[in-house]
Student: 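Structure provided below as structure tokens; questions to follow.
Values below: every heavy atom of this structure, side chains too, minus hydrogens, waters and symmetry copies.
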There are 2 protein chains.
Amino acid sequence: MARAAPKSRPAAGRTRRSPASVAQIVAALRARIAAQDIPPGAKLRESDLAEEFGVPRTRVRDALAALEQRGLVERIPNRGAVVMRLDLSQVFDIYELREVLEGLAARLATERGPRERWRRELDLFQGPMKDLVARNELDPYIERYEALRRSIIEAAGNPVLAEMLDTIYEKTQALIRRILILPGRAEVGRQQHVALLEAMVQGKAELAEQRRREGLRSARAHLEKFQKYIL
Amino acid sequence: MARAAPKSRPAAGRTRRSPASVAQIVAALRARIAAQDIPPGAKLRESDLAEEFGVPRTRVRDALAALEQRGLVERIPNRGAVVMRLDLSQVFDIYELREVLEGLAARLATERGPRERWRRELDLFQGPMKDLVARNELDPYIERYEALRRSIIEAAGNPVLAEMLDTIYEKTQALIRRILILPGRAEVGRQQHVALLEAMVQGKAELAEQRRREGLRSARAHLEKFQKYIL
DNA sequence: GTAAACAAAAGTGTTGACAGTTTCGCGGCA
DNA sequence: TGCCGCGAAACTGTCAACACTTTTGTTTAC
């Protein structure tokens, strides 16, 4: 990635001297939490982070407040911030939401997005992706899957929807990988995406919505079945 | 173990002398913005608010940061915070979202909620509410409508969904009233709620979802038709 | 009379210092 | 030895002063 953070400052050439902004700290912490680089339940000490980022403590404080509002950390008065530990019920809540929200995204993307793109994605999921799943190469599979997901959300052209999906998706991002490892899940998911993309290529928006919802419902069912192995 | 620290816990409902917390300031400003007590585009000066609430300016600042994250105000660097002015496209985005989200809420509430409650609401919407609409008494009608809406969301039993709906609903709250004034809209809306509640009373969850979605789609269509009179 | 330049004022952004609370270690006592 | 209380250290919460940017008001040149 490394797409440089858009610095409004006219480039003075000074690189690491510039102090990190609140947004940058938030982004960095979000990434770490999503990757479970900082595990759930871990304490986040303001002084440590301040020193690490080379900023005053109040700035870290603002960042933690933002993360709290996004539901990624919990702040207990006088006792600091800990990475939110999501319980099972919340995971199911989120899947119920993803079902309708990503369904909406699929419908809108079908109506508004460029069909050639979906055709290309369809080829990808029918060909190369099938091999990846067969060989159990999950990392590149996940990468392509998330790229498609982002494409659909972007093509939907509804910023408020995009923001919402971003908020809830980042909470379960760490789980996705574990679900995909479940026996047979990856291949089932691939087939469902093929079906989804076929509907999108044909411009059948309602059908695309229905199929996306179906796909997420089945993912949730898998999760329910194997929950003891995941949490 | 639970030996209470004698003075550490400030009781929640303190006297009016205690300085307002960030959460209280946020709530107060949210209410004013929703009621258009502070109109869109108005500037919010930190010093003024600090003096009004009797708190240091930094606390107002934190509150404004929270409101910015909720999308209620826009903060321009070095120029202050102004109440977000929502453009038409965003309103339609929000209605697309409400369509699927409140549809989900209706389905879940039908599955999980107490049927007696829906029966009572149905009686209300078939009887007294009809009179209110006929007499054009919109204020009490809106009040009851919002109470039903909250009931459904609460009965859905999905806190993440509730939070989301809260976030987007408060942005359009000021508009709802204007939509209801549109010719025939209130009565159509009432009839749609009767249909919705009938499905809920019968325990037909999917039908309830479908009908709620239909209702919001038609509200959006009305909005589209009369947009010039509203914005 | 108009407009550009400058100075003062108002408002926002930032920071380090101070205060309050919790946690941890240590010494005394049964 | 166990543990109870006490005090110090670590950490979070709060704030008022300082620095910087934008806006406004005034003067001056054409």
Student: To the nearest 0.5 angstrom, please state how far the CD1 atom of A:Ile168 sits from the CD1 atom of A:Ile94.
Tutor: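 Those atoms lie 6.0 Å apart.
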Student: Hey, could you give me each pair passing salt bridge (charged side-chain N to carboxylate O under 4.0 Å, His left out) that has a residue in residues 221-231 of chain B? Not counting sequence neighbours.
Tutor: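 Salt bridge (charged side-chain N to carboxylate O under 4.0 Å, His left out) check on residues 221-231 of chain B returns no pairs.
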Student: For the atom pair CZ (B:Arg177) and CD1 (B:Ile142), what is the distance rounded to the nearest 0.5 Å?
Tutor: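 With rounding to 0.5 Å, CZ (B:Arg177) is 4.0 Å from CD1 (B:Ile142).
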Student: Taking the six-membered ring for Trp, are A:Tyr229 and A:Phe226 parallel (under 30°), tilted (30 to 60°) or perpendicular (over 60°)?
Tutor: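 Ring orientation, 0 to 90° scale: tilted.
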Student: Measure the distance from CG on A:Asp62 to P on D:dT12 and round it to the nearest whole Å.
Tutor: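 My rounded result for the distance is 15 Å.
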Student: Sugar-phosphate atoms are those with a prime plus P, OP1 and OP2; base atoms are the rest. Using that split, label each nucleotide of nucleotides 6-17 of chain C B, S or - for protein heavy atoms under 4.0 Å, 5' to 3'.
Tutor: -----SBBBBB-
Student: Any side-chain heavy-atom pair from A:Leu104 and B:Leu97 closer than 4.5 angstrom?
Tutor: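 A:Leu104 vs B:Leu97: side chains touch.
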